[in-house]
Amino acid sequence: MIQLPLSKLSNVGTTIFSQMTQLANENEAINLSQGFPDFLPDSELLDHVDHFIKKGFNQYAPMPGMIALKEQIAAKIEHSHQAVYHPDSEITVTAGGTQAIFTAIASFIKKDDEVIIFEPAYDCYEPTVELFGGIVKRFEMKAPDYEIDWNAVKNLVTDKTRMIIINNPNNPAGKVLKENDIQELIKIVRETSILILSDEVYENIIFDGKEHLSVCKYPELKERSIIVASFGKLFHVTGWKIGYCAAPENLTNEFRKVHQFNVFSVNTPIQLALAEYMKNPDHYNYLNQFFQEKRDFLRQGLSNTSFELLDCEGTYFQALRYDKISDKSDLDFARELTISHKVASVPFSSFYKNKRDEKVIRLCFAKKQETLERAIENLSKL
């Protein structure tokens with residue numbers, strides 16, 4: 001047998017999302033673990049895709065993306081955040097949000113560069129940083145509020161800090177950054193060369209009248225920020241794997257140097273379909289209310305159980321604390337929940353490097369009404 005070289009990601013295995021989905025499938029459980037809708041996208045969008053496929057738009061798109069889609073993205077950003085990006089030189093269409101995150105890190109992080117992340121954190125940040133020789137510095141947000149102590153974050157900054165990764169709203173905690181958070185971030189990066197990678201894939205899923213404060217709204221942050229967004233989250237099509245990156249031209253130029261050798265270009269007919277569909281802003285402006293109704297339905301259904309419902313300000317994930325039900329680890333509890341009660345979740349410890357266990361699990365409520373009803377019925381029996 002050939003002796004393999006040392007693994008570049010020796011501590012990385014199959015993601016918790018894949019593990020829990022597999023366990024759900026094996027046990028015929030309701031899968032509220034992985035973050036995907038179980039309902040169809042708008043038939044109008046599907047008709048647009050069909051139209052452009054049949055019209056022959058089935059070959060390579062330009063490397064940065066179709067100009068029609070980039071123009072619609074720029075219009076959306078300007079309308080939502082009063083920030084201007086040039087469609088041709090400052091917006092790049094990507095094969096989903098995760099690819100954009102990977103490419104951004106690959107473009108700017110070198111050996112021994114330090115990157116600050118906020119845990120609980122989406123699981124692709126850390127391994128990607130390490131893959132390119134970077135060093136991850138972590139700030140742990142804690143249940144039940146998941147607030148950020150910016151003085152502690154400031155203490156993580158050194159002369160080797162190259163990037164800060166933020167996720168707003170945060171997956172899995174559902175926390176939305178407030179004006180004070182943004183102002184503290186501005187203070188930290190002012191007069192430095194620190195870049196910001198802002199994962200904003202859930203920007204259109206924010207509740208209770210709260211505002212999404214994109215970094216592009218703030219000139220001091222916009223000039224140093226790479227923003228990542230996802231059409232999968234926006235239009236209920238996670239399997240299409242299409243998103244985008246918005247960044248100033250100098251950062252976009254570096255991003256595209258890597259992008260062209262990573263995926264080069266993205267699905268042509270879907271880009272054109274999205275461009276056509278986005279001409280009507282109502283197709284995404286309704287999302288806050290749409291998902292708030294699902295969040296509220298789930299919370300109301302679980303209100304008489306022994307679960308503690310933590311705040312959910314955004315995303316389509318609800319965090320539950322179960323310490324009044326069981327003293328098992330969150331991973332063991334999530335497995336038991338899947339096998340014995342037929343509801344699959346994700347344990348919060350999987351979002352922390354040190355496996356911090358505060359007896360919290362995550363449920364996805366981007367599901368049909370009947371799916372949520374069945375889940376509530378099962379969970380109410382605990």
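Bear in mind that the values here come from a model prediction, so they are computed numbers and not experimental data.
- At a threshold of 4.5 Å between non-hydrogen side-chain atoms, the residues I206 and E211 do not count as touching.
- One hydrophobic cluster, built from ILVMFWY side chains closer than 4.5 Å, holds both V115 and F139.
- With a 4.5 Å cut-off on side-chain heavy atoms, I91 and I73 count as touching.
- With K233 as the partner, the side-chain contact (heavy atoms from CB on, under 4.5 Å) test is satisfied by one option alone out of V201, N171, N204: V201.
- The shortest distance between side-chain heavy atoms of K359 and D357 falls below 4.5 Å.
- Considering only heavy atoms from C-beta on, F108 stays 4.5 Å or farther from V258 through its side chain.
- Side-chain contact between S345 and L32: absent, with no pair of heavy atoms (C-beta onward) separated by less than 4.5 Å.
- Aromatic pair F291/Y202: centroids not less than 6.0 angstrom apart.
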Checking side-chain contact (heavy atoms from CB on, under 4.5 Å) for the pair Y316/K294: CA distance, chi angles, key distance, verdict?
CA-CA 9 Å; Y316 45 53; K294 291 184 177 295; over 6 Å; no
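- Annotation for E26: atom CD counts as buried by contact number, over 12 foreign heavy atoms lying within 6.0 Å.
- Residue F39 qualifies as enclosed at atom CZ: its count of foreign heavy atoms under 6.0 Å is above 12.
- At a threshold of 4.5 Å between non-hydrogen side-chain atoms, the residues V93 and K70 count as touching.
- Of the possible polar contacts, one joining the H86 side chain to the D88 backbone as a donor-acceptor pair under 3.5 Å is found.
- Under 4.0 Å is where a charged nitrogen must lie from a carboxylate oxygen, and between K142 and E358 no such pair does.
- In summary, K111 and D113 do not engage in a salt bridge, as defined by a charged side-chain N under 4.0 Å from a carboxylate O.
- Of the possible polar contacts, none joining the N378 side chain to the V343 backbone as a donor-acceptor pair under 3.5 Å is found.
- Note: the hydrophobic cluster containing F207 also contains Y286 (ILVMFWY, side chain heavy atoms under 4.5 Å, direct or indirect links).
- Side-chain atoms of R295 and Q300, non-hydrogen and from C-beta on, never get closer than 4.5 Å to each other.
- Salt bridge annotation for E147-K175: present, with a cationic side-chain nitrogen under 4.0 angstrom from a carboxylate oxygen.
- Note on K160 versus E114: no salt bridge recorded, every NZ/NE/NH1/NH2 to OD/OE distance being 4.0 Å or above.
- Residues I227 and S214 come closest through the heavy atom pair CD1-OG, 3.7 Å.
- No side-chain heavy atom of T161 sits less than 4.5 Å from a side-chain heavy atom of K137.
- Using a cut-off of 4.0 Å between Lys/Arg side-chain N and Asp/Glu carboxylate O, K76 and E203 are scored as salt-bridged.
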Could you check Q99 against T103 for side-chain hydrogen bond (donor to acceptor under 3.5 Å, both in side chains), going step by step and ending with a plain yes or no?
CA-CA 6 Å; Q99 184 253 310; T103 299; 2.8 Å; yes
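- Under 4.0 Å is where a charged nitrogen must lie from a carboxylate oxygen, and between R356 and E119 no such pair does.
- No more than 12 heavy-atom neighbours from other residues, nucleotides or ligands sit within 6.0 angstrom of CD on E28.
- Both L379 and F333 are part of a single hydrophobic cluster, where members link through side-chain heavy atoms under 4.5 Å apart.
- The residues K178 and E313 are annotated as salt-bridged, a charged nitrogen and a carboxylate oxygen being separated by less than 4.0 angstrom.
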Test side-chain hydrogen bond (donor to acceptor under 3.5 Å, both in side chains) on D42 and Y277 and set out the steps.
CA-CA 10 Å; D42 188 351; Y277 191 66; 2.7 Å; yes
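- In this structure, K257 pairs ionically with E254, as a charged nitrogen and a carboxylate oxygen lie closer than 4.0 Å.
- The minimum heavy-atom distance between T338 and A29, with the atom names listed, is O-CB, 3.7 Å.
- Counting non-hydrogen atoms of other residues, nucleotides and ligands closer than 6.0 Å to NZ of K210 gives a total above 12.
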